[in-house]
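Have a look at the structure below, then the notes.
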There are 2 protein chains.
Amino acid sequence: MIDQDIETKPYDLQTQVFRVLNHPARLALLEILRDGEHCVCHMEAYLGFRQSYISQQLAVLREAGLIQDRRDGWNIFYRVVNLDIYDVLDAVQKYTGQSINPSKEQVVSCNCPNCVSKANRQ
Amino acid sequence: MIDQDIETKPYDLQTQVFRVLNHPARLALLEILRDGEHCVCHMEAYLGFRQSYISQQLAVLREAGLIQDRRDGWNIFYRVVNLDIYDVLDAVQKYTGQSINPSKEQVVSCNCPNCVSKANRQ
DNA sequence: CAATCATATTCAATTCCATGTATATGATTA
DNA sequence: TAATCATATACATGGAATTGAATATGATTG
């Protein structure tokens with residue numbers, strides 16, 4: 001946007017959010033984080049992408065301020081900063097007529113303490 | 001997206017919507033259309049962009065199915081097809097902490113029958 | 001402190017998007 | 001039917017986003 005009009009400047013912030021959401025893998029990551037924080041290895045196992053690819057997409061979400069990370073031993077856990085983002089996702093799912101519920105049943109095992117302790121309990 | 005994962009395919013449709021919304025001028029156009037249909041010349045006068053630029057952005061919105069056009073004599077009027085899109089815009093405005101009300105006071109005059117008859121009434 | 005672990009970053013190639021300029025379309029009026 | 005009106009399209013260029021491959025980081029353990 002070269003000669004930006006004064007009437008469109010107020011939309012720059014919203015545009016930034018839409019730019020980040022304009023990506024299927026990033027939407028999938030946000031859906032995984034809907035029920036709380038998860039480690040990177042979990043998202044990697046869940047989506048089946050290469051590790052560096054997941055990390056790249058997480059970086060986009062992180063640098064845009066949508067998610068935060070926290071280290072716990074070997075693992076890094078990500079969580080969504082502002083849950084209002086899910087109102088945006090819900091609204092677009094309603095608009096497109098989709099209701100996405102990631103197949104949580106599909107048990108995904110990774111080596112993070114959370115998953116290992118869960119697996120041992122069963 | 002070359003080797004798309006099966007887990008991200010369900011998000012392609014949402015991604016398409018976010019792609020279209022990822023543009024300040026297109027967001028401004030949708031805000032203008034919030035209160036009903038408007039002619040192209042009105043949006044042109046309102047935003048101050050060149051005619052062809054407005055037309056290009058309207059084409060993106062139209063081809064994505066967000067808006068529809070209708071001819072009335074010399075003018076073409078656009079309207080939003082599915083008002084649920086405003087739930088998306090509202091949600092992102094809440095997320096960014098913005099509440100945008102386009103300065104409707106700023107009376108914009110164009111030559112479409114609607115604007116001319118309004119102007120004559122005053 | 002060297003090896004190992006999970007994760008992040010860099011770099012390059014390709015594709016996609018934005019936008020200026022020029023021109024086309026198609027309805028309307030004289 | 002020629003001129004005029006509002007609007008649309010085509011094309012070209014520059015810039016941004018995507019993504020694969022390779023490598024780096026930095027905490028942890030032995």
Side-chain angles (χ1 to χ4, degrees), chain A residues 1-5 8 11-12 15-16 18-29 37-64 67-78 109-116, chain B residues 1-5 8 11-12 15-16 18-29 37-64 67-78 109-116:
Chain A
M1 170 126 308
I2 304 280
D3 63 339
Q4 170 143 31
D5 191 279
T8 66
Y11 300 101
D12 284 354
T15 300
Q16 284 301 98
F18 287 131
R19 184 184 61 79
V20 173
L21 297 180
N22 176 20
H23 195 291
R26 293 198 286 267
L27 293 180
L29 288 170
E37 70 174 14
H38 284 286
C39 65
V40 176
C41 59
H42 183 79
M43 301 186 257
E44 195 184 330
Y46 197 96
L47 293 182
F49 286 115
R50 272 169 293 106
Q51 178 270 321
S52 65
Y53 186 79
I54 294 280
S55 196
Q56 282 167 346
Q57 302 309 333
L58 286 172
V60 175
L61 290 166
R62 175 165 32 82
E63 283 158 18
I67 61 177
Q68 271 186 340
D69 58 344
R70 170 181 78 83
R71 176 176 282 271
D72 181 5
W74 276 340
N75 303 280
I76 292 191
F77 288 82
Y78 278 95
S109 59
C110 67
N111 297 320
C112 78
N114 282 10
C115 291
V116 167
Chain B
M1 173 122 304
I2 303 279
D3 65 336
Q4 170 142 31
D5 190 279
T8 65
Y11 300 100
D12 284 354
T15 300
Q16 283 301 97
F18 287 131
R19 185 183 61 79
V20 172
L21 297 181
N22 176 20
H23 195 292
R26 295 199 284 268
L27 293 180
L29 288 169
E37 71 173 12
H38 284 285
C39 65
V40 177
C41 60
H42 183 79
M43 301 187 257
E44 195 184 329
Y46 197 95
L47 294 181
F49 286 116
R50 272 168 291 108
Q51 178 272 320
S52 65
Y53 186 78
I54 294 279
S55 194
Q56 283 167 346
Q57 302 309 331
L58 286 171
V60 175
L61 291 166
R62 175 165 32 83
E63 283 157 19
I67 60 177
Q68 272 185 339
D69 58 344
R70 169 182 78 84
R71 176 176 282 271
D72 181 5
W74 276 341
N75 302 280
I76 292 191
F77 288 81
Y78 277 95
S109 59
C110 67
N111 296 320
C112 78
N114 283 9
C115 291
V116 167

What closest approach, in Å, do B:Phe77 and B:Cys39 show between heavy atoms, and which atom pair accounts for it?
-> CD2-N, 3.5 Å

When you check the phosphate oxygens OP1 and OP2 of D:dT9, does a side-chain N or O of B:Arg62 lie under 4.0 Å from one of them?
-> yes

Would you indicate whether the side-chain heavy atoms of A:Asp69 and A:Val40 approach each other to under 4.5 Å?
-> no

Rounded interatomic separation in angstrom, taking CZ from A:Phe18 and P from C:dC17 = 17 Å

Between A:Arg19 and D:dA16, is there a side-chain N or O to OP1/OP2 distance below 4.0 Å?
-> no

By side chain to side chain donor-acceptor pair (under 3.5 Å) - contacts of A:Glu37 (at least two apart) = A:Arg70

Report yes if a side-chain nitrogen or oxygen of A:Tyr78 is closer than 4.0 Å to either non-bridging phosphate oxygen (OP1 or OP2) of C:dA8; otherwise report no.
-> yes

Worked verdict on A:Leu27 versus B:Phe18 for side chain to side chain contact (heavy atoms under 4.5 Å, CB included) = CA-CA 10 Å; A:Leu27 293 180; B:Phe18 287 131; 3.8 Å; yes

Rounded to whole Å, the CZ-C1' distance (B:Phe49 to C:dA18) equals 12 Å

Which part of the nucleic acid, if any, lies within contact of A:Glu44, taking any heavy atom under 4.0 Å across all strands shown: a base, the sugar-phosphate backbone alone, or nothing?
-> nothing

Please walk me through it: do A:Cys41 and A:Asn75 pass side chain to side chain contact (heavy atoms under 4.5 Å, CB included)?
-> CA-CA 8 Å; A:Cys41 59; A:Asn75 303 280; 3.9 Å; yes

Taking all heavy atoms of A:Leu58 and all of A:Ile67, pick out the closest pair and write down the distance.
-> O-CD1, 3.6 Å

Starting from the 5' end of DNA chain C, give me the residue, A:Asn22 or A:Glu63, whose nearest nucleotide shows up first.
-> A:Glu63

Regarding the side chain of B:Ser52, the nearest nucleotide among C:dT7, D:dT19, C:dA22 is C:dA22

Ignoring the backbone of B:Leu58, work out which of D:dC11, C:dT9, D:dA8 is nearest its side chain.
-> D:dA8

Length of the CZ-P vector between A:Phe77 and C:dA8, whole Å = 12 Å

Using atom CD1 of B:Ile76 as one end and atom C1' of D:dT9 as the other, report the distance to the nearest whole Å.
-> 13 Å

For A:Arg62, enumerate each residue passing the salt bridge (charged side-chain N to carboxylate O under 4.0 Å, His left out) test, keeping only those at least two apart in sequence or located in another chain.
-> none

Of the candidate nucleotides C:dT10, D:dT7, C:dT7, which contains the atom at the shortest distance from the side chain of B:Cys41?
-> D:dT7

Pick out the pairs of N or O atoms, protein on one side and nucleotides 25-30 of chain C on the other, that lie under 3.5 Å.
| from | atom 1 | to | atom 2 | distance (Å) |
| --- | --- | --- | --- | --- |
| C:dT28 | O4' | B:Trp74 | NE1 | 3.2 |

Looking at residues at least two apart in the chain, or sitting in another chain, which of them share a side chain to side chain donor-acceptor pair (under 3.5 Å) with A:Gln57?
-> A:Arg26

Taking for each residue the nucleotide of DNA chain D bearing the nearest heavy atom, is the 5' side occupied by A:Arg26 or by B:Val40?
-> B:Val40

If you take atom types as modelled and just measure distance, does the side chain of A:Gln51 reach the base of C:dA8 with a donor-acceptor pair under 3.5 Å?
-> yes

Steps toward side chain to side chain contact (heavy atoms under 4.5 Å, CB included) verdict (A:Thr8, A:Thr15) | CA-CA 10 Å; A:Thr8 66; A:Thr15 300; over 6 Å; no

OP1 or OP2 of D:dT19 less than 4.0 angstrom from a side-chain nitrogen or oxygen of A:His23, does that happen here?
-> yes

Rounded interatomic separation in angstrom, taking CG from A:Leu61 and P from D:dA17 = 14 Å

Restricting to nitrogen or oxygen on both sides, can you table the protein-nucleotides 12-14 of chain D pairs closer than 3.5 Å?
none

Can you tell me how far P of C:dA18 sits from CG of B:Leu27, to the nearest Å?
-> 11 Å

Please identify each residue that fulfils side chain to side chain donor-acceptor pair (under 3.5 Å) with B:Gln68, with sequence neighbours left out.
-> B:Arg79

Separation of atom CD1 in A:Ile67 from atom P in C:dT7, rounded to whole Å | 13 Å

Sequence neighbours excluded, the answer for side-chain contact (heavy atoms from CB on, under 4.5 Å) partners of A:Gln16 is A:Arg19

Atom-pair distance (CD on A:Gln56; P on D:dT23), nearest Å | 16 Å

Classify the side chain of A:Gln57 versus the base of D:dT18 as yes if they form a donor-acceptor pair under 3.5 Å and no if they do not.
-> no

Side-chain N or O of A:Asn75 less than 4.0 angstrom from OP1 or OP2 on C:dT7?
-> yes

